[in-house]
Amino acid sequence: MSELTLLLIRLAFLAVLWFFVIAAVGVIRTDLFGSRTAPAPPRKPAKQPRPVSKPKKGEPRQLIVTGGPLQGTIINLTETPITIGRANDATLVLSDDYASSRHARLFPQDGQWIVEDLGSTNGTYLERSKVTRPTPVPLGVPIRIGKTVIELRK
Amino acid sequence: MTAKRRGAQLGMLAFAVLIVMGAYAGVGLGINGKVPSGMLGYGLGLGGLMLAAYLVLAKFAPWADPLLLPLVTLVNGIGLVMIYRLEEGGIKDASASNQLMWTALGVVMFSATLIVLRDHRALQRFTYTAGFVGIVLLVLPVLPVVGSEHYGARIWMNLGPFSLQPGEFAKLALVVFFAGYLVAKRDVLALAGRRLLFIDLPRARDLGPVLITWGVSIAVLVAEKDLGTSLLLFGAFIAMLYIATQRTSWVLIGLLLFVGGAVLAGQVFSHVQARFEGWLHASSTAVYDSGTSYQLMQGLFSLGSGGILGTGLGQGYPGLTPFSFSDFIFDAVGEELGLTGLMAILMVYALIVERGLRMSLASRDPFSKLLGGGLSFILAWQVFIIVGGVTRLIPLTGLVTPFMSAGGSALLANWMLIALLVRMSDAARRPPPQAIQDEGMTQVMQR
């Protein structure tokens with residue numbers, strides 16, 4: 001066995017050894033270990049709200065933003081309460097420094113919509129008066145939250 | 001979604017076995033100029049064993065980390081080849097067939113652990129039992145009849161024709177104990193206490209367990225003259241304490257205690273003193289001639305003659321170092337594979353530890369995190385202590401190089417350690433059970 005062959009074998013062995021290490025690192029790299037952000041299995045479509053029983057005459061059907069950055073936004077009123085604030089899970093998410101994260105809530109009761117301030121810093125105003133306790137909202141009366149104005153419409 | 005990656009695992013496993021077979025061939029070519037006749041036997045033996053281990057793993061821990069088994073196979077195989085090479089080179093005590101048998105037993109232990117232990121969290125219930133077992137295993141060699149002293153350390157236990165080192169298993173039991181104990185006590189250890197300058201000082205009464213562990217490890221040092229195990233245990237405890245509490249003060253306190261204890265032991269006990277002497281003045285002629293640093297210096301000469309690329313398998317003289325097949329196998333590998341080969345092997349160890357730590361990060365409950373972190377740490381710490389020892393970074397201590405050194409107990413214990421890591425990585429990577437229904441929908445009953 002010549003010196004040269006042995007030298008080549010030696011170098012080849014070291015190269016293969018390192019190739020093993022690199023291959024192992026490659027497995028780690030492509031291994032999505034610990035990643036929990038992969039797409040979740042497709043969720044079944046969210047529960048459809050039960051069709052609203054036909055609104056009686058005079059009951060509001062829509063909430064419309066009439067002032068502020070979200071002007072023109074329309075939310076169809078169902079029987080579920082509407083939360084307003086900067087929190088991501090609010091129904092109407094405001095990006096407004098004057099609004100609190102959970103600012104106010106609108107909920108139906110006996111055919112009327114009631115506005116309730118949820119302890120916000122800057123207050124909720126129905127027309128000109130500050131909402132201090134749950135107050136019924138008549139049609140077309142502006143509710144002011146920070147820079148945003150909303151109204152209930154038919 | 002994590003994948004099982006069976007293909008990658010099997011591929012890497014075959015790759016590792018092929019490298020080991022190549023190494024056998026290289027040894028034969030280097031010594032005799034021909035491929036050794038036993039190569040196929042050893043290669044198939046190792047390959048068969050690992051295939052069996054793989055099948056058990058695929059059946060009982062299908063989501064386990066794909067890299068652990070191939071990486072361990074490689075270091076175990078390189079160790080086998082090196083022992084074979086030393087045996088061929090005329091070292092009496094090196095026996096590759098013995099080592100292969102112990103590897104087989106190791107794989108049996110690995111499989112048994114995987115089959116018996118379906119959920120590692122069950123171990124948490126045996127926290128204090130594990131602690132007791134660990135202490136008993138540590139103490140066994142000191143007892144008069146069962147224990148025996150070889151090569152200046154009293155760490156062996158006679159068991160008929162075999163001798164075992166119960167300390168190797170004690171470390172597993174103690175890591176289980178530390179993990180269970182710290183899960184229960186971590187909050188008190190982390191939160192109580194005062195802040196002084198930039199470190200948080202713990203309360204005096206919380207120091208108890210640390211002091212006890214310190215006492216035990218110093219006792220091991222004194223009674224069994226086993227610096228390695230002592231350092232291993234105390235280091236593991238401090239590391240786990242740090243993982244559990246994230247407080248640097250524990251590490252500082254631990255280091256101070258250990259250094260203090262070691263310096264004191266160095267003053268009082270002659271065998272520890274000799275270790276220090278052989279480390280600090282290894283190259284002085286007087287110390288070398290007295291034999292204190294003979295082995296260490298031979299190992300360093302061995303590494304030096306290997307250089308960057310090594311002498312080539314079968315072409316160096318690693319047999320000149322005493323115990324080149326056990327404690328000094330790292331130097332033997334370094335001589336024949338060179339720095340390049342050593343770095344690759346250290347990388348393989350680093351990858352094993354990385355997989356272990358990564359798994360412990362991905363685990364969901366604190367016990368698994370601590371157990372995984374602790375087991376990975378003792379593996380890394382063991383490699384550090386022995387490699388640091390034989391390269392004269394720290395005083396030499398008689399620890400085995402995991403999976404490479406000749407020695408049955410350590411091989412068995414380390415295979416069990418890997419089985420625990422595999423079991424935990426299976427639990428960590430297994431996707432969470434899918435909810436059968438969405439909230440609000442009618443529940444789907446399956447018959």
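Order of the sequence lines sets the chain letters (A, B, ...), proteins ahead of strands, with each chain counted from 1.
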Around atom [atom1] of [X], are there more than 12 heavy atoms of other residues, nucleotides or ligands at under 6.0 Å?
| X | atom1 | value |
| --- | --- | --- |
| B/Gln246 | CD | no |
| A/Asp97 | CG | no |
| B/Phe15 | CZ | yes |
| A/Tyr98 | OH | no |

Need one label for [X]: side chain, backbone, both or neither, based on atoms under 4.5 Å from any heavy atom in chain A.
| X | result |
| --- | --- |
| B/Leu18 | neither |
| B/Ala16 | both |
| B/Glu354 | side chain |
| B/Ile19 | both |
| B/Met12 | both |
| B/Leu361 | neither |
| B/Leu309 | both |

Distance (rounded to the nearest 0.5 Å) between [X] [atom1] and [Y] [atom2]:
| X | Y | atom1 | atom2 | answer |
| --- | --- | --- | --- | --- |
| A/Leu17 | B/Met347 | CG | CE | 11.0 Å |
| A/Ile28 | B/Arg355 | CD1 | CZ | 4.0 Å |
| A/Ile9 | B/Gln315 | CD1 | CD | 8.5 Å |

Flag the one option from [options] with the top tally of heavy-atom pairs under 4.5 Å to chain A.
| options | answer |
| --- | --- |
| B/Ala25, B/Gly338, B/Gly310 | B/Gly310 |
| B/Gly26, B/Ala23, B/Gly11 | B/Ala23 |
| B/Ile78, B/Leu74, B/Ile345, B/Asn32 | B/Leu74 |

| query | Any donor and acceptor pair, going by atom type alone, linking the side chain of A/Trp18 with main-chain N or O of B/Thr340 inside 3.5 Å? | reply | yes

| said: Could you check whether any side-chain N or O of A/Arg10 sits under 3.5 Å from a backbone N or O of B/Leu313, counting only pairs where one atom can act as donor and the other as acceptor? | reply: no

| task | Please report the closest heavy-atom contact between A/Ala24 and B/Leu351, naming both atoms and the distance. | result | CB-CD1, 3.8 Å

| Which atom of B/Pro66 lies closest to which atom of A/Val27, heavy atoms considered | CG-CG1, 4.3 Å

| Which atoms of A/Leu11 come close to chain B, meaning under 4.5 Å heavy atom to heavy atom: side chain ones, backbone ones, both, or neither? | side chain

| message | If I measure from the heavy atoms of chain B, does A/Phe20 come under 4.5 Å with its side chain, its backbone, both, or neither? | response | both

